[in-house]
J.: 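Got a structure here, written out as structure tokens. Questions coming.
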Amino acid sequence: MSHYPSYYKSDAQANYFNKTFIIALLSLLLLIAITSPAHAHEMPVVHSHERDEAVSTNTVAATSTAISEETLLAQDDTLIAQNKQSLATPANLAISKRDAIEQFVAADFTKRQTMLNQWPGSVESLDTLVELIKNDELYQGNGGQTYLLNSEDELFTYPAKQLTTEWPSDLAQVTLTNTLRSALVFGQAKVKLESNDPTQRMQAVAILADNIEQLDPALISTAAATEQDDDVKTALSTLQARIDFRDGDVTTQIAALTVLADSDSPQVLVDVKKALAADDIDPVLKSTLLDAEESIEQRITLSTWIGHLFTGLSTASILLLAALGLAITFGLLGVINMAHGELIMIGAYATYMVQNLFQAYFPSMTGWYLVAAIPVAFLVSAIIGMVIERIIIRPLYGRELETLLATFGVSLILMQLVRMIFGAQNVEVSNVDWLSGAYQVSSSLVLPFNRIAIIGFTIIILMLLVYLLNKTRFGLFVRAVTQNRQMARAVGISSARIDMLAFGLGSGLAGLAGCALAQVGNVGPDLGQTYIIDAFLVVVVGGVGQVWGAVLASLGLGISGTVLEIGIGAVMAKIVLLVLVILFIQKRPQGLFALKGRFVD
């Protein structure tokens, strides 16, 4: 008994101690058995290795009297935090980093509706979503990835927009129910109404006006109360008047018509005509409707004719770009260059190649490819033109019929080369972002940015050309050779060199015309054939070698052609214009401006 303390003096005392120790041990084990299930019920759901650690921890805690209940709860909280952290997987982090369109594609119906009510991205991203869904280009792949499928069945990843040949097995188009489509429209309008840009808010009003049947009037009154821009406020007042005219009584309708009478919206005119067609109209209301109808029709007619004049002006700008180079070569060399249209086409294809180069090597600067394409189109067409002048035209000077046939053969060769290199189908030259869209003057007058840019571009090129011909040494030599070639040679001017450079200048101007045309029309091997006849008409009417004559002739043919097309159609308009040009040439063969000089006399 030496291992016991000294106060154990008898066997009875030892037996009593042993019995007490055994009872205490059994009581402790029973307590562990009772408390363990309760703690197990409070434990969070964890991975298997974490559960083993938790059980081990609880076992040690249960066998140690120094660990309190608060310590056990703290350990449970730690395990819960670890469990939540384990759920933040890379996949979940990737989802949070997706842009708004990707989130929309991956979401279910409820989340999509929530996103449209409170769009998490920019206004531009929502506009892009609307456009993609409208064009049926938005698709969803494996695991919710987003793809874009264009009309040529080419699949692109999003947002990288890289062409891919690995099509997902479950590729499905993103379509919308009527509820979501309505939410998309009004979500777009709501985001634009909250924009700081008045143009965006004006677009929102236009969207709401197109969906007036489902419009909540409170939305208009709320927006009008805080609007500061006069144009947007006027548009909101017109929209509010349309709602009052549709839902109000006779007095309210008459008051609304006083506002609507100042509108030039075709939608308002439709509302007024529909009201006039109804039976049993109040006499005062009918009189007000008739006055409003007349006022609105006059305003729409005025806007329509301004739009026609703008279209004619843009057409004239295109004709002038196509004819400036021809006016120089025809006036200087007396050569009827039938390949001039193909030089326009080459300028357009040079623009297409620059676009592809930027998309492949400078994707972040793709929106500025057009700035680089302008000098490239000029240089490529100018170099090809100088080669044609050196090899084909120079041996045939003085033989007009032979040069006409030779350049016609060159045009066929160039078209066939383009078909062999790029294919017979049209190629896609996309508009740059800063030339997309239009400036809305009024409800019935919209001016496209690309047409405005072409008019401005033509004016700049014209001013540079006038400066080059009238204020530079090269221009002096060109005018000298044009007026009297023999005298120019006699004073030491190399007419052969001037011929080549002038032909290159005219060809380069054709390339600039092709660069501009790539922004407003299709680019294909037959592009030049569309404009070559009109370009010759401009040169003939304006006067051979006369820049200002070409300007006036292009304005006359462009605007008159547009006006005639409205009344008699495109085909008859061409015929009438051709007859008028023939009659004009019969009366004035030298054109609007006659070429001066002893050589001409």
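Since the structure is predicted, the reported quantities are computational estimates derived from the model, not experimental observations.
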J.: Report yes if the side chains of V523 and F422 come closer than 4.5 Å at any heavy-atom pair, otherwise no.
T.: no

J.: Can I455 and F310 be said to form a side chain to side chain contact (heavy atoms under 4.5 Å, CB included), step by step?
T.: CA-CA 10 Å; I455 294 174; F310 173 78; 3.7 Å; yes

J.: Does any N or O in the side chain of W119 come within less than 3.5 Å of the main-chain N or O of S122, such that one atom is a donor and the other an acceptor?
T.: yes

J.: Are the side chain of H340 and the backbone of A322 linked by a donor-acceptor contact shorter than 3.5 Å?
T.: yes

J.: Would you find more than 12 non-hydrogen atoms of other residues, nucleotides or ligands less than 6.0 Å from D170 atom CG?
T.: yes

J.: Sub-3.5 Å donor-acceptor pair from the side chain of S295 to the main-chain atoms of D291, do we have one?
T.: no

J.: Are Q529 and E342 linked by a side-chain donor-acceptor pair shorter than 3.5 Å?
T.: yes

J.: Counting N and O atoms only, with roles assigned by atom type, does the side chain of S287 sit under 3.5 Å from a partner on the main chain of V284, one being a donor and the other an acceptor?
T.: no

J.: Could you list the donor-acceptor pairs under 3.5 angstrom formed by side chains in residues 253-261, with sequence neighbours left out?
T.:
unit_1	atom_1	unit_2	atom_2	d
Q253	NE2	F245	O	2.9
T258	OG1	A255	O	2.4

J.: How long is the span from the CD1 atom in I454 to the CD1 atom in I461, to the nearest 0.5 Å?
T.: 12.0 Å

J.: State whether the number of non-hydrogen atoms from other residues, nucleotides or ligands found under 6.0 Å of D249 atom CG is greater than 12.
T.: yes

J.: Side chains of residues 182-192: which donor-acceptor partners sit under 3.5 Å, not counting sequence neighbours?
T.:
unit_1	atom_1	unit_2	atom_2	d
S182	OG	Q214	OE1	3.0
Q188	NE2	D127	OD1	2.8
K190	NZ	N117	O	3.0
K192	NZ	D127	OD1	3.1
K192	NZ	D127	OD2	2.8
K192	NZ	Q200	OE1	2.6
K192	NZ	Q203	OE1	2.9

J.: Are any side-chain N or O atoms of S381 and backbone N or O atoms of L343, one a donor and one an acceptor, separated by less than 3.5 Å?
T.: yes

J.: Which heavy atom in Q140 sits nearest to a heavy atom in V105, and how many Å separate them?
T.: NE2-O, 3.3 Å

J.: According to salt bridge (Lys or Arg N to Asp or Glu O under 4.0 Å), who are the partners of E293, at least two apart in sequence or on a separate chain?
T.: K273

J.: Could you check whether any side-chain N or O of E227 sits under 3.5 Å from a backbone N or O of D229, counting only pairs where one atom can act as donor and the other as acceptor?
T.: yes

J.: Does the pair R242/D271 count as a salt bridge with the N-to-O cut at 4.0 Å?
T.: yes

J.: From L447 CG over to S314 OG, what is the distance, rounded to the nearest 0.5 angstrom?
T.: 9.5 Å

J.: Output a table of donor-acceptor pairs, distance under 3.5 Å, between side-chain atoms of residues 158-167 and any protein atom two or more places apart or on a different chain; print 'none' if there are none.
T.:
unit_1	atom_1	unit_2	atom_2	d
Y158	OH	D99	OD2	2.9
T164	OG1	E166	N	3.2

J.: Is it true that a side-chain atom of Q355 and a backbone atom of E428 form a donor plus acceptor pair closer than 3.5 Å?
T.: yes

J.: Within a strict 4.5 Å, meaning less than it, do heavy atoms of the L580 and S560 side chains meet?
T.: no

J.: Check the pair Y439, F449 against ring pair (Phe, Tyr, Trp, His ring centres under 6.0 Å), reporting the backbone distance first and the verdict last.
T.: CA-CA 7 Å; Y439 175 70; F449 288 146; 7.2 Å; no

J.: Measuring from L208:CG to I220:CD1, what's the distance to the nearest 0.5 Å?
T.: 5.0 Å

J.: Tabulate below the donor-acceptor pairs under 3.5 Å that side-chain atoms of residues 358-376 make, not counting sequence neighbours, or state none.
T.:
unit_1	atom_1	unit_2	atom_2	d
T366	OG1	P363	O	2.9
Y369	OH	S430	O	2.5
Y369	OH	Q519	NE2	3.1

J.: Quick check: do V581 and L557 have side-chain heavy atoms less than 4.5 Å from each other?
T.: yes

J.: Within the 3.5 Å criterion, strictly below it, is a donor on E137 or N150 matched to an acceptor on the partner's side chain?
T.: no

J.: List the steps, then state whether side chain to side chain contact (heavy atoms under 4.5 Å, CB included) holds for L155 with L171.
T.: CA-CA 10 Å; L155 189 66; L171 187 67; 4.0 Å; yes

J.: Provide the full list of ring-ring contact (aromatic ring centres under 6.0 Å, His included) pairs with a residue in residues 290-309, sequence neighbours left out, each pair given once.
T.: W305-H308

J.: So, S125 side chain and G121 main chain: donor-acceptor pair closer than 3.5 Å or not?
T.: no

J.: I'd like to know if D231 pairs up with R201 as an ion pair, taking the criterion as any Lys NZ or Arg NE/NH1/NH2 lying under 4.0 Å from an Asp or Glu carboxylate oxygen.
T.: no

J.: We want to know whether S303 and D264 form a side-chain donor-acceptor pair, criterion being a heavy-atom distance below 3.5 angstrom.
T.: yes

J.: Given L324 and L465, is the side chain to side chain contact (heavy atoms under 4.5 Å, CB included) satisfied, shown in steps?
T.: CA-CA 9 Å; L324 278 177; L465 181 62; 3.9 Å; yes

J.: Take a 6.0 Å sphere around CD of Q173 and say whether it holds more than 12 heavy atoms from other residues, nucleotides or ligands.
T.: yes

J.: If you count every heavy atom of other residues, nucleotides or ligands that lies below 6.0 Å from Y467 atom OH, does the total exceed 12?
T.: no

J.: Using a 6.0 Å cut-off, check whether atom NZ of K233 has over 12 heavy atoms from anything other than its own residue.
T.: yes

